[in-house]
Amino acid sequence: MKKKLVALVAMVMSIFIGFSALTGCNLITVDNERDMKQVVATVNIGNEGAKTDEIYKQDMIMMYLNYGYSLGEQYSQSQIFEILISQLINNRILVQSAMKTFEDDANFVKNTTKDKWDVERYLTTEDDIANDKLSDVNEATYEAMKSINDLIDNYVEDVEEKVGDALFEEVRTTPTNAAKKELTAQEKSDYIAKGIDIGENDKERRKAYNKVLKLLEDNSLLGEDYVDDIKQTTYYKELIVSSFESILIKKYEDALKADARSKVTYAMLEEKYKEMYDAQVNNYKNNDTAFSSALSSATADNPIIYTPFGGYVYVYNLLLGASEEQTEALNKVKEDTTDTAKIAKARRNILQGTIAKDLRATWIQSGYDFDFASKKFTGDYAYLEDSLAFQGEVTRLVEKTDKVDAEYRIDSVTEFKLDDFIAQFIDGYLYNGAGTIEADTNPSIYKKVKVDAKPDSYTEKINELLFAFSTDDGSLNTNKGYVVAPKPDFDGSETYMQEFADAGRELVNLGGYSYVIAATDYGYHFMFLSEVISANTSYATLDEYLTSLGVANGSDEFDNLLANWDDADEDAYLYKFINLYASADTAVSEAESALFNKYNNDANCVKKYKDVYADLLGA
């Protein structure tokens, strides 16, 4: 059987036997189906004319098998089931609150073909394929159909085992916010049109489909309406409703976030920005230690906007790490001598055998966005549209379809000698032949190159190289790289190894977009100039800072962002600042907590029948 991590398998596994095995309790009754259909709680927040939602014992067990059992190390069996029933109740409260909010909103476009309090009344029904948007109803349909297809996939016997992990590779860090590319609205629409694959022309899949039907039948999930179509089953209908409700809750939470943002004005942001600026002046003006620490922790959405000290430099660091053999040889040298000059010379000789290889093999094996023909990564896994190709040989075992991801085998990963790596990827790929080699007598400096003009796609190409080759995980997903101080601390100590710090300062002297290759005990550091911090550079107002980022009119951009929030650039500073100031996520959490407290403490709204599920709580 294919070993896919399909959560829904847990939902339709043998509920009673599975639960008994996991808990060690015997919950089998004379009439399983009748026992599981008992109501354990009801929820009705008072929406006029709305029916009371009932939560069944079977819902609790399904939820336990789906993920609740994972709480076993933290909580007792009794505590786990009380947590689960609270979550089920809170979900009903959210669904009912969402429907009430949208029903009372005259501006909310409703599906008037559906009755009041029908979840579909509050979902969109028209696709907008041209703008890559699927209707809420079709989005839910796609999710439900994919879940069924995945479930059937899980029971298809492999006719031929394929080896997709020919090479063992350490899992490689991915770029921040990278995610597998979603299917387009058109692709999802086509998927729905094809329907669920029940194996009409595939003997093995047909067997798997029949196994799924038997599983549903054994667990009372076929339902009275089932004749010959799995979409008629109780299970599929519950999947659809669950998908509907998930979309409804997201729309509700998005509305809460939008409400929080609507209370923010540009004047408020200007005032908040001024507070941040004044705080930085107060903290850093006469404190270079605090300033240095702040530089190291600065991010794109928490920048340094007041710089009283200069000479600091941000450097990108691509490390080709020393091998175990090289480290062992270097340690032996240091046992024989304490002469730093001799150690540096020996280190250089030892590290001359350094190799580089592409570390992104696990991205391919994990099914990330990858173009097999060009061996290039796409989507959020690439910093450039024409990204750096994977340096190795790959065999495609399974082609991507609308039902399965592509599967690959990594046959080999190319190894590059030090000078070959420099010639092909640094002087060639990154700098395109630009730069002048500078002489240096420091034995820790392998190469020093002065480059005046900024190469095309400089930052993007450096990030491509970092993710492909750097053995320093700390160099990945940084804002501007590492911060090197203009001089050692007052006691002569350095934040980094002396050779690294000296090379960083040398980059300041070189200027432009130069690079230095320096040796330390960790290996060879390819250090690229990111930014030099100049003294007395400050942006006292939000407009000044936004102007430095290329935003001509902050107030207009603010209005534009609020009007087009769903399509806005999430990496833009103003977008991040609005979200931070509005505390949108906090607003959602607080609003939902208020609802839960209000209705859970009202016996007319929420009723729990603990005697019905007492047997699940254990002794």
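Side chains included, hydrogens not; waters and symmetry mates left out as well; all remaining heavy atoms used.
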Would a 4.5 Å heavy-atom cut-off, applied to side chains only, mark [X] and [Y] as touching?
X	Y	value
Val313	Leu529	yes
Lys257	Asp585	yes
Lys447	Ile422	yes
Lys376	Leu388	no
Tyr522	Met497	yes
Lys461	Pro455	no

Looking at [Y], is its backbone amide N or carbonyl O close enough to the side chain of [X] to form a donor-acceptor pair, meaning the two atoms are under 3.5 Å apart?
X	Y	answer
Thr471	Gly321	yes
Glu499	Ser444	no
Asp452	Gly435	no
Lys448	Ile437	no
Ser475	Asp472	yes
Asn149	Asp197	yes
Asp127	Ile129	no
Thr184	Glu187	yes
Ser366	Trp363	no
Asp132	Ala185	yes

- Message: Classify the ring geometry of Phe309 against Phe291: parallel below 30°, tilted from 30° to 60°, perpendicular beyond 60°.
- Response: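 Because their plane-to-plane angle lies in the 30° to 60° range, the rings of Phe309 and Phe291 count as tilted.
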
- Message: Over 60° means perpendicular and under 30° means parallel, so tell me whether Tyr408 and Phe370 are parallel, tilted or perpendicular.
- Response: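 Taking Phe370 first and then Tyr408, their aromatic rings stand perpendicular (interplane angle over 60°).
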
Will you find, in the side chains of [X] and [Y], an N or O donor that is under 3.5 Å from an N or O acceptor?
X	Y	result
Glu464	Tyr429	no
Asp150	Ser147	no
Asn331	Glu335	no
Asp567	Asn564	no
Asn442	Asp502	no
Thr395	Asp411	yes
Asn477	Thr176	yes
Asp543	Thr541	no

Tell me whether the centres of the aromatic rings in [X] and [Y] are closer together than 6.0 Å.
X	Y	result
Tyr515	Phe526	no
Phe469	Phe421	yes
Tyr191	Tyr142	yes
Phe425	Phe416	yes
Trp565	Tyr575	yes

Exercise: identify the closest heavy-atom pair between [X] and [Y]:
X	Y	result
Thr173	Phe467	O-CD2, 3.7 Å
Ala294	Tyr284	CB-OH, 3.2 Å
Leu418	Gln352	CB-O, 4.2 Å
Val551	Glu557	CG1-CB, 3.8 Å
Ala290	Asn283	CB-O, 3.8 Å
Pro443	Lys345	CB-N, 4.3 Å

With a 4.0 Å cut-off, would you call [X] and [Y] a salt bridge?
X	Y	value
Asp190	Lys194	no
Asp419	Lys417	no
Asp358	Lys375	no
Lys450	Glu438	no

- What residues, two or more places apart in sequence or in another chain, satisfy side-chain hydrogen bond (donor to acceptor under 3.5 Å, both in side chains) together with Ser387?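 Testing Ser387 for side-chain hydrogen bond (donor to acceptor under 3.5 Å, both in side chains), a comparison that skips the adjacent residues, returns none.
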
- Go through the structure and list residues passing side-chain hydrogen bond (donor to acceptor under 3.5 Å, both in side chains) with Glu544, not counting sequence neighbours. none

- Task: Would you check, one step at a time, whether the test side-chain contact (heavy atoms from CB on, under 4.5 Å) holds for Tyr273 with Ile305?
- Result: CA-CA 10 Å; Tyr273 181 91; Ile305 52 182; 3.3 Å; yes

- Task: Give, for atom CZ of Arg360 and atom OH of Tyr368, the distance between the pair rounded to the nearest 0.5 Å.
- Result: 13.5 Å

- Message: To the nearest 0.5 Å, what is the distance between CD1 on Ile364 and CZ on Phe372?
- Response: 9.5 Å

- Query: Looking at Phe500, Tyr316, Tyr482, which hits ring-ring contact (aromatic ring centres under 6.0 Å, His included) with His525?
  - Reply: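 Exactly one pass, corresponding to Phe500.
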
- Message: Just checking Glu275: does its CD atom have more than 12 heavy atoms from other residues, nucleotides or ligands closer to it than 6.0 angstrom?
- Response: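 Count over threshold, so yes.
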
